[in-house]
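Notes for the one structure printed next.
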Amino acid sequence: MIQIKNYISEHKERFLNEIVELLKIPSISADSAYSKDVIAAAEFVENSLKEAGCDTTEICETKGYPVVYGEKIIDKSLPTVLVYGHYDVQPPDPVELWDSPPFEPVIKATELHPEGAIFARGSCDDKGQMYMHVKAAEFMMKNNELPCNIKFMIEGEEEVGSDSLADFLKDNKERLSNDIILISDTGMIANDVPSIATGLRGLSYVEVEVTGPNRDLHSGIYGGAVPNPINVLSKMIASLHDENNHITIKNFYDKVVEVSAEERAEMAKAPFNLEDYKKALDINDVRGETGYTTTERFSIRPTLDVNGIWGGYTGEGAKTVIASKAYAKISMRLVPHQDPDEITELFTKHFEAIAPKDIKVKVTPHHGGLPYVTDIDSTGYRAAAKAYETTFGRTPIPQRGGGSIPIVPLFEQVLDSKSILMGFGLDSDAIHSPNEHFGVWNYLKGIETIPYFYKYFTEMSS
């Protein structure tokens with residue numbers, strides 16, 4: 001498959017132009033104002049799959065945004081790889097913190113990406129990484145290098161919980177049948193230290209509403225005499241962690257399985273420089289649950305974080321007011337055996353219990369997902385590792401990720417399929433943040449590496 005490098009070199013400019021065009025589409029699934037743009041992104045992906053060489057492509061309607069499906073079946077007796085990705089993106093806010101407009105892609109060199117990085121919302125999560133698979137498939141299909149069957153399932157609701165995908169899986173179980181699911185929506189340790197994500201944390205996401213008086217009040221006339229929902233909410237949130245940054249919700253840790261000392265020792269072999277980590281984030285020190293390292297805190301331990309908090313007057317200047325209501329959005333990252341529905345219920349009961357009697361509390365669940373772990377002795381993992389070895393020249397390190405892809409555990413439940421997470425982004429790519437970017441080298445390296453996964457997975461499966 002030596003010609004893959006030549007193919008990339010020959011089509012590099014086109015590959016970059018195409019991803020830039022896709023990144024120009026503001027496919028923000030969380031905001032209905034962009035619904036037409038989300039559909040436009042689906043149409044772009046469907047057309048790209050068709051041009052790449054898929055025999056069948058379709059924009060499949062769901063109760064929400066559509067799923068783009070494509071396939072190339074060369075021999076039903078051969079293995080089938082199902083590629084999953086998403087074409088929707090996070091909102092770009094706060095827009096004023098971007099160095100360039102989030103939907104006007106710019107390619108420029110950085111310290112970590114001397115060959116250039118593509119700056120745009122969705123460049124790494126997940127349009128750039130998803131599109132690597134489209135271009136890798138193009139190479140294989142146009143050069144008679146596809147060793148097995150390939151299917152694509154690219155959705156438009158991953159950033160809002162993949163609500164429609166569960167029904168889609170159940171309704172299309174036979175159509176989506178496969179031997180392995182291939183995903184690039186994670187990262188790796190460094191460009192010279194490849195890694196494969198072997199686990200994902202689950203998620204429980206809720207919104208809380210705290211109500212005091214029946215209307216906003218003058219803080220001079222009523223201050224000190226009535227409950228202030230913003231003050232109360234702040235104290236309630238502060239109480240969710242103890243002095244050791246341990247989550248105080250009763251029974252929260254009941255199903256958490258402690259990772260063995262042996263596995264923690266293996267994880268510790270991954271290169272990590274705490275001083276560089278703090279410098280990159282411009283923080284003086286780290287914090288987290290006592291008894292665990294920084295890398296363990298963001299991978300093998302559950303967490304609770306406030307993602308947004310608001311209430312009262314937040315406009316320019318001053319307004320002396322006691323707000324009637326205060327709000328917060330809270331996410332809890334979960335580890336294997338923690339169930340998001342159970343955790344949401346535990347949180348709700350706890351939050352209601354700690355509220356003062358003069359305050360009303362409402363907890364609204366948003367979305368969640370189960371945690372996931374893959375076996376490093378599986379055929380899929382071994383094929384992925386060999387693919388990285390071929391193009392990077394070194395064995396990838398197995399690494400548990402801190403993020404969540406809620407649909408991955410559902411794949412196993414509904415389709416009876418394991419997933420392999422071949423990520424090519426870096427932690428510094430600022431996904432979900434201003435100035436998100438994806439290295440040109442990483443984008444092209446993904447296109448180069450992915451075909452080898454097909455080759456080795458087919459060989460190992462036989």
Side-chain angles (χ1 to χ4, degrees), residues 81 83-84 124 126 129 132-133 179-202 256-274 277 292-303 333-338 369-405 408-409 411-412 417-429 431 442 445-446 448-450 452-457 459-461:
V81 176
V83 176
Y84 165 79
C124 181
D126 180 45
Q129 296 212 73
M132 296 182 310
H133 289 272
D179 295 282
I180 195 77
I181 298 174
L182 186 57
I183 303 171
S184 292
D185 197 10
T186 52
M188 58 183 183
I189 295 171
N191 284 354
D192 59 347
V193 186
S195 58
I196 300 175
T198 57
L200 297 165
R201 290 192 291 188
V256 175
V257 177
E258 290 288 337
V259 177
S260 68
E262 291 77 14
E263 186 172 351
R264 290 175 71 178
E266 285 299 310
M267 291 174 57
K269 293 179 181 178
F272 177 79
N273 186 293
L274 183 58
Y277 181 79
Y292 297 90
T293 67
T294 298
T295 55
E296 290 172 340
R297 289 167 181 163
F298 62 61
S299 61
I300 63 171
R301 296 301 294 169
T303 62
R333 300 287 177 172
L334 314 178
V335 295
H337 302 299
Q338 285 186 299
L370 290 163
Y372 181 79
V373 176
T374 192
D375 182 4
I376 62 174
D377 292 325
S378 67
T379 301
Y381 182 88
R382 289 187 290 110
K386 191 172 181 180
Y388 279 100
E389 290 170 5
T390 301
T391 59
F392 282 79
R394 61 181 298 176
T395 303
I397 295 173
Q399 185 182 45
R400 289 202 191 185
S404 307
I405 307 179
V408 172
F411 289 154
E412 189 166 2
S417 302
K418 298 295 289 187
S419 297
I420 296 299
L421 305 167
M422 293 181 66
F424 293 88
L426 302 178
D427 287 345
S428 57
D429 287 346
I431 63 172
N442 303 71
K445 199 68 174 178
E448 178 189 349
T449 305
I450 290 165
Y452 285 101
F453 172 83
Y454 287 82
K455 170 181 168 62
Y456 298 136
F457 182 75
E459 292 174 355
M460 293 177 183
S461 296

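Everything numeric in this text was worked out from a predicted model, so none of it was measured.
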Do Y292 and F298 have their ring centres less than 6.0 Å from each other?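 So the answer is no for these two rings.
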
Quick one: does [X]'s side chain have a donor or acceptor within less than 3.5 Å of a partner on [Y]'s backbone?
| X | Y | value |
| --- | --- | --- |
| R201 | R301 | yes |
| S184 | M422 | yes |
| Q129 | T186 | yes |
| R394 | V193 | no |
| E412 | P409 | no |
| K445 | T391 | yes |

Nearest heavy-atom pair of [X] and [Y]: which atoms, and what distance?
| X | Y | result |
| --- | --- | --- |
| K418 | V373 | NZ-O, 3.4 Å |
| M188 | L426 | O-CD2, 3.8 Å |
| I420 | G380 | CD1-C, 3.4 Å |
| A383 | M460 | N-SD, 3.7 Å |

Roughly how far, to the nearest 0.5 Å, is the OG atom of S419 from the CD1 atom of I180?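 Going from CD1 on I180 over to OG on S419, the span is 7.0 Å.
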
Nearest 0.5 Å, please: how far is CG in L200 from OH in Y372?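 Between Y372 OH and L200 CG, I get 8.5 Å after rounding to 0.5 Å.
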
Just checking D375: does its CG atom have more than 12 heavy atoms from other residues, nucleotides or ligands closer to it than 6.0 angstrom?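 Atom CG in D375 is crowded, with more than 12 foreign heavy atoms closer than 6.0 Å.
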
Please determine whether a side-chain nitrogen of the Lys or Arg among E389 and K386 lies less than 4.0 Å from a carboxylate oxygen of the Asp or Glu.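 So E389 does not pair with K386 through a salt bridge.
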
Which one of F453, F424, Y452 satisfies the ring-ring contact (aromatic ring centres under 6.0 Å, His included) criterion with Y388?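 Per the ring-ring contact (aromatic ring centres under 6.0 Å, His included) rule, the option paired with Y388 is F424, out of F453, F424, Y452.
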
